[in-house]
Amino acid sequence: MGNGKQLLEMKHICKAFPGVVALNDVSFDLHEGEVHALMGENGAGKSTLMKILTGTYKQDSGDIVYKGEILEKRDEKFMLSMGVAIIHQELSYVPHLTIAENLFLGREIVHHGVLHQKEMNEKAAQWLANVGVDLNPKRLMKSLMVSEQQMVEIAKAISYDANIIVMDEPTSAITDREVENLFKVIADLKAKGVGIIYISHKMDEILRISDRVTVFRDGCLVDTFQSDEVDIDQIIIAMVGRKLTDVFPKRSVEPGEEMLRIDGLTRKGVFEDVSFAVRRGEVLGVAGLMGAGRTEVMRCVCGLDKYDKGEIYVNGKEARIRTPKDAITNGIGLINEDRKGVGLVLPLSVKHNLTLSNLNKYFKTPLLVNRKENELADKEIKELHIKTPGRNYPVRNLSGGNQQKVVLGKVMLDESEILIMDEPTRGIDVGAKVEIYQLINDFVKNGKAVIVISSEMPELIGLSDRIVIMHEGKLVGKIDQKQDITQEKIMEYVMKQ
Ligand code: ADP
Ligand code: MG
């Protein structure tokens, strides 16, 4: 635990939103110089508790004791002035302003009524350097990569010299090197006595940097552990309320005829002469290191990029796939980690996201549309266990795992026969992962096929019936028997190149 005294105590906090109890009698505390990690499935209530702390939401009941006093009326600005800063899970910058302007938003340096750009830029450069980032502060936020944007948010939170910094999934979009920089910064902050609340799904990160871990489930605080006394299994059991013996459900289907075959597919300078096939009832895994070309091949199969050579066959017939629409016509659906890119419209409701692209296909009579659409949406919500207060609820407010289930529901309604999934569970908690594995399973059981790319070996091995291995744009190996698929075997193919 942090060596310091208690910095913050949240007592018996309750908070409800329409249709959900987000927090049910949660008591939580933080010490000086402590990293207190919060874990729990998506929707467990972690972000809500933090938004109550930072003044975004007001609790329905319960007290917050900070610096020896009960905090009464408060808002974000006030909490920031009290030394409580947050790195939000959702990035919240102004895209057309520069990095420096974003960092100084609401606290601009003004001399005699004029903005002091030079001083702000210098200070901004220093703040960026403090978190190990080398970026020109005059660049526009929107010109940065997502990982850089996230690092700017981190630099911003730290620049307030706060006593408490909340980090809500700070590493979900940054590179390994940036993660290391962040961890160095966290160590410095700890040494200065700053209390840090750290939310992440990444078990290894949590165990490495935290002093205590608190686990949430369904709005309740389940348990708090000392990080050096707990192991991963105990945390998982606390998170999902059961043991994960059946993470990868067994299937017993004989694969049927070939559904998709790609033959000698080439995109010049990107990948070359790639061939493989997937049959009905089968999950084909595509293994390889980052940059092996897996995503690039799948983008061509889905019509997002053009291929220069080779053929794609669907159900034995050559399919000319030049646009995403061609892919959909051929029953090929893509789910990638960027859920927004595959037609998830965040401000729209769950219902509309599920049914929008199907309306004219299913419903000929306008009068029937609404009722039918409601029925269809409710059915999907139920079957996919989408946690939402209702079909009209905006997808934006759902957790990552539940958004991913909406995407799955959508492509299933699109009547895709072949699903290509690129990192289908990245950034999703264990419980939702298991549900998604189950859905994949149901999908292939119905005689359809799935191609999955994953950088998580246990996931790839657990899901796949067969594996192909790619390396530097080429197919370098195949494992055709389920029982032969092991991590060693896959790495052997990658390494001997
Ligand atoms: P976590 O951060 O642990 O994933 P959240 O705190 O974001 O979970 O969500 C807890 C519950 O509260 C979820 O069911 C979520 O849908 C709901 N929720 C969160 N924010 C809002 C909001 N602004 N309006 C309505 N419901 C919300
Ligand atoms: Mg959250």
Side-chain angles (χ1 to χ4, degrees), residues 1-13 22-54 64 84 86-87 89 154 157 164-172 174 179-180 182-187 189-191 193-244 247 399-401 425 427-434 456:
M1 187 179 310
N3 43 11
K5 54 181 195 291
Q6 195 176 60
L7 193 56
L8 167 77
E9 197 180 2
M10 302 180 79
K11 297 201 274 198
H12 305 292
I13 305 288
L23 294 169
N24 182 4
D25 195 18
V26 168
S27 296
F28 169 87
D29 73 333
L30 179 70
H31 292 247
E32 289 177 349
E34 178 188 32
V35 176
H36 194 153
L38 301 189
M39 296 201 81
E41 295 186 48
N42 290 310
K46 306 171 303 282
S47 294
T48 302
L49 187 70
M50 294 303 105
K51 286 177 181 168
I52 287 171
L53 170 62
T54 56
I64 301 174
V84 179
I86 182 165
I87 303 163
Q89 186 171 7
I154 290 171
I164 296 179
I165 301 180
V166 177
M167 304 186 177
D168 197 347
E169 304 200 24
T171 58
S172 55
I174 61 180
V179 171
E180 288 309 318
L182 176 64
F183 286 0
K184 269 188 225 136
V185 173
I186 289 178
L189 292 169
K190 259 175 84 96
V194 175
I196 294 167
I197 304 173
Y198 189 90
I199 303 180
S200 171
H201 292 305
K202 300 182 184 165
M203 217 65 88
D204 48 339
E205 283 184 0
I206 298 268
L207 292 181
R208 192 172 141 198
I209 62 162
S210 70
D211 299 287
R212 286 188 292 168
V213 187
T214 285
V215 176
F216 283 73
R217 186 169 75 234
D218 290 336
C220 297
L221 191 153
V222 182
D223 214 341
T224 297
F225 304 98
Q226 299 293 327
S227 303
D228 52 9
E229 292 169 3
V230 73
D231 63 33
I232 291 179
D233 283 348
Q234 282 169 288
I235 295 177
I236 292 181
I237 292 170
M239 273 171 65
V240 300
R242 64 194 139 96
K243 237 185 139 96
L244 285 184
V247 177
S399 63
T425 68
I428 290 175
D429 66 79
V430 189
K433 272 186 185 176
V434 176
E456 286 184 39

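Residue numbers start at 1 and run along the sequence shown.
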Under 3.5 Å: donor-acceptor pair, side chain of Asp211, backbone of Val35: yes

Please walk me through it: do Ile13 and Ile64 pass side chain to side chain contact (heavy atoms under 4.5 Å, CB included)? CA-CA 8 Å; Ile13 305 288; Ile64 301 174; 4.1 Å; yes

Within this structure, what is the CG-CG distance for the pair Leu49 and Leu221, rounded to the nearest 0.5 Å? 8.5 Å

Would Leu53 and Phe28 count as a side chain to side chain contact (heavy atoms under 4.5 Å, CB included) here? Give the steps. CA-CA 11 Å; Leu53 170 62; Phe28 169 87; over 6 Å; no

List the atom of Ala37, the atom of Ile206, and the distance in Å for their closest heavy-atom pair. CB-CD1, 3.5 Å

What one should report as the nearest heavy-atom pair of Gly219 and Val26 is O-CG2, 3.5 Å

Tell me every residue that passes side chain to side chain contact (heavy atoms under 4.5 Å, CB included) with Leu189, counting only those two or more places apart in sequence or in another chain. Ile158, Ile165, Met167, Val185, Val194, Ile196

Nearest-0.5 Å distance that lies between atom CD1 in Ile199 and atom CD1 in Ile86: 7.0 Å

Could you pull out all residues at least two apart from Asp29 that satisfy salt bridge (Lys or Arg N to Asp or Glu O under 4.0 Å)? Arg212

Please check if the side chain of Thr171 supplies one atom and the backbone of Val179 the other of a donor-acceptor pair under 3.5 Å. no

Distance, nearest 0.5 Å, that separates CD1 of Ile164 from NE2 of His36: 12.0 Å

Glu205 CD to Tyr198 OH distance, which is reported to the nearest 0.5 Å: 3.5 Å

In Å, rounded to the nearest 0.5 Å, how long is the span from CD of Glu32 to NZ of Lys190? 12.5 Å

Working note: Glu34 + Leu7, criterion side chain to side chain contact (heavy atoms under 4.5 Å, CB included); need CA distance, chi angles, decisive distance, verdict. CA-CA 10 Å; Glu34 178 188 32; Leu7 193 56; over 6 Å; no

Before giving the answer on side chain to side chain contact (heavy atoms under 4.5 Å, CB included), spell out for Leu38 and Met50 the whole-Å C-alpha distance, their side-chain angles and the decisive distance to 0.1 Å. CA-CA 10 Å; Leu38 301 189; Met50 294 303 105; 3.7 Å; yes

Taking every heavy atom of Phe225 against every heavy atom of Gln234, the minimum-distance pair comes out as CZ-O, 4.3 Å

Is the backbone of Gly40 close enough, under 3.5 Å, to the side chain of Lys46 for a donor and an acceptor to pair up by distance? yes

Nearest 0.5 angstrom please: Asp168 CG to Thr54 OG1, how far? 9.5 Å

Taking all non-hydrogen atoms of both residues, which atom of Ser399 and which atom of Gly43 are closest, and how far apart? CB-N, 3.8 Å

Strictly distance-based, threshold 3.5 Å: is any side-chain N or O of Ser27 a donor or acceptor partner for the main-chain N or O of His12? yes

